[in-house]
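Because only heavy atoms are used, hydrogens play no part in the values below, and waters and symmetry mates are left out as well, while side chains stay in. Convention: sequence-line order gives letters A, B, ...; per-chain numbering from 1.
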Amino acid sequence: MTRPHPLFPYANKWLDLQNTTASWNARLRELARQHHFQEALNLYCQMLASGDSPNAFTFPFAFKSCASLSLPLAGSQLHGHVIKTGCEPEPFVQTSLISMYCKCSTIACARKVFDENPHSRNLAVCYNALIAGYSLNSRFSDAVLLFRQMRKEGVSVNAVTMLGLIPVCTGPIHLGFGTSLHACGVRFGLDGDLSVGNCLLTMYVRCGSVDFARKLFDGMPEKGLITWNAMISGYAQYGLAGHVLSLYRKMEFTGIVPDPVTLVGVLSSCAHLGAHAAGREVEQRIELSGFGFNPFLKNALINMYARCGNLVKARAIFDGMLEKNVISWTAIIAGYGMHGQGELAVQLFDEMISSGELPDGAAFVSVLSACSHAGLTEKGLYYFTAMERDYGLQPGPEHYSCVVDLLGRAGRLEEARKLIGSMSVEPDGAVWGALLGACKIHRNVELAELAFEKVIEFEPTNIGYYVLLSNIYSEAGNMEGILRVRVMMRERKLKKEPGCSYVEYQGRIHLFLAGDRTHPQAQEIYRMLDGLEDIIKRRGGSNDNDQESRNEELITGMGVHSEKLAIAFGLINTGPGTEITVMKNLRVCGDCHLFLKLVSEIVDRQLVVRDATRFHHFKNGVCSCKDYW
DNA sequence: CTAGGGTTAG
């Protein structure tokens, strides 16, 4: 707004009336460029009210605003204005109109605009907009057909066509077509275009071919920030956390400055690895770069701290967030859940509901698994029914596996089996795996055999399940069963890698194998361990609860597992009040949780064991955390 | 004064 002139205080009003369409357009453009779409639409209404009529330069901004705000009704109203003003044939009006309908998921309208304007149908931009629209709405065959038509009509394909079309490839079944587009792009000389390269890279990731993505990445003569981000988040999505960290280091070495997108990927990998120190370094960098208010990063930080066992820090960040979303809530709930604080997790879930945040499928996974870990069986079952009844969310296999686990831990094995039978979706390996785990706890050999048979249909090479069954047989004294499992493993050439556990201490990773004596502090560690087991044994004698004393027998007799060593190491090296987080291969977990419970009662410290199933890259003894930077 | 596109958290 111009300031009033001292001699003509009413000049503003007069100027507004005299405003030409061009100056409205300029202001509209400015608002749209700054993503102030609501204001842009308001301005458009003001323009109409003032009697100025929109022209062909007005509509693109207005449509873009409708598209961004997802306002199909306003959009079609604007479409009426377009027709009234007669600027429908203008190519950029049409393109933005098509794009608007596509983004509002009213793609039939978009197609109608396209079909009804024969003279604009030969324009690449219109094809581009509609192809991109089909992509956006995951209409694979429509997009492909239109692309073929475009080439048949001799309309020249350009980079933007490719950028719109490549993202239709969203899964492994589209890999073939995606690869052909890659070749196509090369033929059109578009392979030098950074954006097209980035887009192809993402396509390979989404189609499940991270190796092709890496190959393309390595072959790109020029890489931009987005190229690095696409590769880093690609690795992060597949849980290849080690690759992420080494790529991040390489990126820094190249002199590319990371942005929030990069750091989100890196943080999620720190969370996977339980790399607390590395995660903290990233947090410092976030502060230094002024990204501290980015909600994506805040959520990623909550997740990282929660999974590294630093719940205090995770909670502090969570509480400090002004605008929490489902993801923030899910991250903190899952954090409490995985560290056995089910009561808190449930409390937070209820708080989320009353704050008006709508839970989604993942939020339910976090609260269901919290319930099962904390033994809150009834509460968990309540959430499971509420999920569909109150929120219209269809439970997926990931929910069923939580509930099977929930029932299984409570000893309700028959109900768990029935639940699997009644599933509306196909059960997956995790569902049967949960039942197998429950059979281990409650020593049900017969059901275990059934669950095992099913689970290896899905995951024939997952060694953890073979070990689990073998342990079930061994507890039942069934030597024949153990031998049968061994033969199966040998036939399938499965070799059990030694399970390992590790603790991060002063920026270094201290790794232990079962019975390990290679650690420099081995003597102290074993002395601590002997002392602990002594106390447990003595307690067992005085305990009148049968089940518990049997458990304690079991623990002291179970040999020197890797997590025992890791816990002892933590106890030796950290002071009172600190929390010890041990990373351990939980898939083959024996009775470590029980051991943990007993030890934490004895030493009055918080001990945490986290799943380290995917962390095979730490080899032999102590290695420096810095190696991964 | 113009339209179409690529990377982000649980």
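In this structure, the nucleotide among B:dG4, B:dA9, B:dC1 sitting nearest to the side chain of A:Asn299 is B:dA9. Listed nucleotides B:dA3, B:dT8, B:dG10 differ in distance to A:Val264; the shortest reach to its side chain belongs to B:dT8. Distances were taken from every side-chain heavy atom of A:Asn303 (C-beta onward) to each of B:dG10, B:dG5, B:dT7; the shortest belongs to B:dG10. Residue A:Leu163 places its side chain closer to B:dG6 than to any other of B:dG6, B:dG10, B:dA9. Residue A:Gln237 places its side chain closer to B:dT8 than to any other of B:dT7, B:dT8, B:dG4. Which of B:dT7, B:dA9, B:dC1 sits closest to the side chain of A:Asn229 comes down to B:dT7. In this structure, of B:dT8, B:dG4, B:dG10, it is B:dT8 that holds the atom nearest to the side chain of A:Ser233. Among the nucleotides B:dG4, B:dT7, B:dA9, the one closest to any side-chain atom of A:Asn325 is B:dA9. The nucleotide whose nearest atom lies closest to any side-chain atom of A:Val261 is, among B:dT7, B:dA9, B:dC1, B:dT7. Set against B:dG10, B:dG4, B:dT7, the side chain of A:Val125 has B:dG4 as its closest nucleotide.
If you check every strand for non-hydrogen atoms under 4.0 Å, A:Ala363 touches a base. Among the atoms of the strands shown, none is found under 4.0 Å from any heavy atom of A:Asn294. No engagement by A:Val365 is indicated, since no non-hydrogen atom pair under 4.0 Å with the nucleic acid exists. No engagement by A:Ala334 is indicated, since no non-hydrogen atom pair under 4.0 Å with the nucleic acid exists. Among the atoms of the strands shown, none is found under 4.0 Å from any heavy atom of A:Pro260. When heavy atoms are screened at a 4.0 angstrom cut-off, A:Arg206 is found touching the sugar-phosphate backbone but no base atom.
For the OP1/OP2 pair of B:dA3 and a distance below 4.0 Å, the side-chain nitrogens and oxygens of A:Arg29 include no atom meeting the criterion. Note on A:Thr95: every side-chain N or O is 4.0 Å or more away from OP1 and OP2 of B:dG4.
A salt bridge does not link A:Asp211 to A:Lys215: none of the charged side-chain nitrogens sits closer than 4.0 Å to a carboxylate oxygen. The pair A:Asp350-A:Lys379 meets the salt-bridge criterion, since a charged nitrogen lies less than 4.0 angstrom from a carboxylate oxygen.
With hydrogens and angles left out, the side chain of A:Ser366 and the base of B:dG10 share no donor-acceptor pair within 3.5 Å. Side-chain to base pairing of A:Asp360 with B:dG10: one donor and one acceptor N or O lie within less than 3.5 Å of each other.
For the 3.5 Å distance criterion, the side chains of A:Tyr248 and A:His243 fail to qualify, holding no donor opposite an acceptor. For the residue pair A:Asn198 / A:Ser195, no side-chain donor-acceptor distance below 3.5 Å is found, with atom types taken as modelled. A donor-acceptor contact under 3.5 angstrom links the side chains of A:Gln34 and A:Glu30, judged on distance only.
Ring planes of A:His399 and A:Phe364: perpendicular class, angle over 60° (limits at 30 and 60°). Taking the six-membered ring for Trp and thresholds of 30 and 60 degrees, A:His174 and A:Phe140 have nearly parallel ring planes, at less than 30 degrees apart.
Following rounding to the nearest Å, A:Met231 (CE) and B:dT7 (C1') show an atom-to-atom distance of 12 Å. For the pair A:His182 NE2 and B:dG6 C1', the computed distance is 15 Å after rounding to whole Å. B:dG4 atom P lies 13 Å from atom CG of A:Asn158, rounded to whole Å. Rounded to a whole Å, the CZ atom of A:Phe293 is 22 Å from the P atom of B:dA9. Rounded to whole angstrom, the span from the OH atom of A:Tyr305 across to the C1' atom of B:dA9 amounts to 16 Å. A:Met304 places its CE atom 14 Å from the C1' atom of B:dG10, with the value rounded to the nearest Å. Rounded to a whole Å, the CD atom of A:Glu323 is 19 Å from the P atom of B:dA9. Going from atom NZ of A:Lys103 over to atom C1' of B:dG4 covers 8 Å, rounded to whole Å.
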